[in-house]
Amino acid sequence: MDTMPKVAAIHDMSGYGKCSLTVALPVLSVMGAQCCPVAAAYLSASTQYPGFTFCDMTSQMRPVLTHWKALGLTFDAIYSGFLGSEEQMDIVLYAKELFPSAMLVVDPVMGDNGQVYKTYTARMCENMTRLALGADVIVPNLTEAAIILGKPYSEAPADGQSALRWLDALSGGKRRVILTGLRFSEGNIGYGWQDSASRGTAQLPFYGHCYHGTGDIFASVAVGSLLQGDTLARAAERAALFVGKCAEVTFKAGDEPHGGVRFEELLKQL
Ligand code: PXL
């Protein structure tokens, strides 16, 4: 029997804003993986929208995972992103304890453009750093990489050589890393990657705006790609090309950046 990979996806569900579970579910589905959500919080809209509601789901998360274990389920990947409380990082580690053969992919969502997201406390950032250091694969942006490394955001890499140094530090010789949001010039944006097989950086055209939710789409495509058997380098490339296309169609349509990108019309290309 040809088995379909299963992913335990631990993120928030934001009703509006095209991020987290609302992108992880369609992306992983279209890439042939079963995405089983563990909702970390339920929001009316992402935290980019003033007045967002926030329902913390911490109390549900261990029981959900424990039930899955009791059902005898196994997972190919545990994939975490935006988390909603200080305790939830330990719950992701609990998931790994229950399903030890799963690849633990942590998108250490904490902030962007040098700013920490509104709902994140200093303790949450400490716990997220600890979680990231225990992961098999991490997909930080530059803001998150700076927090994990304890470096000022102002020192974030702006060229290939310094990006490779950050990648090396983030990998600690064992974690596989994709670093997003690398900008070496005005008109470009890109990524870097490192694992035991290869490392490098790549730049693509930048379409005028930092669209919200693109980090979540990037990480979801990378997870789908790794589960299809791609190398880390190829997973990072496919994720970047897809996000780039999404940004291009959204830019051409003239949408506002907080609303996210028009990934829906491109999903079938994955
Ligand atoms: O895209 C990251 C993200 C995920 N989830 C929520 C967010 C954000 C970024 O603002 O607010 C709720």
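When a ligand or atom number is given, it counts from 1 through the structure's own listing order.
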How close does the nearest protein non-hydrogen atom get to [atom], and which residue and atom is it?
atom	value
atom 2 (C) of ligand 1	D216 OD2, 3.5 Å
atom 5 (N) of ligand 1	D12 OD1, 2.8 Å
atom 10 (O) of ligand 1	Q48 NE2, 2.8 Å
atom 9 (C) of ligand 1	H212 CE1, 3.0 Å

Once you restrict to heavy atoms under 4.0 Å, what part of [X] touches ligand 1? Side chain, backbone, both or neither.
X	result
S20	side chain
T47	both
F52	neither
L43	side chain

Exercise for the section: With the side chain counted from C-beta on, respond yes when Y79 and L28 share a heavy-atom pair under 4.5 Å apart, and no when they do not. Expected result: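 Counting from C-beta outward, Y79 and L28 do come under 4.5 Å.
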Practice task
Decide yes or no for D90 and R62: does some side-chain heavy atom of the first lie under 4.5 Å from some side-chain heavy atom of the second?
Solution key: yes
Exercise for the section: Determine, for D216 against K18, whether the closest basic-nitrogen to carboxylate-oxygen distance falls under 4.0 angstrom. Expected result: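 Answer for the salt bridge query: no.
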Does the side chain of [X] come under 3.5 Å of the side chain of [Y] through a donor N or O and an acceptor N or O?
X	Y	answer
Y94	T66	yes
S20	D12	yes
T47	T119	no

Exercise for the section: Compute the ring centroids of F82 and Y120, then answer whether they are less than 6.0 Å apart. Expected result: yes
Exercise for the section: Mark up the atoms of ligand 1 that fall under 4.0 Å of a heavy atom belonging to S14, in ascending order. Expected result: 12 (C)
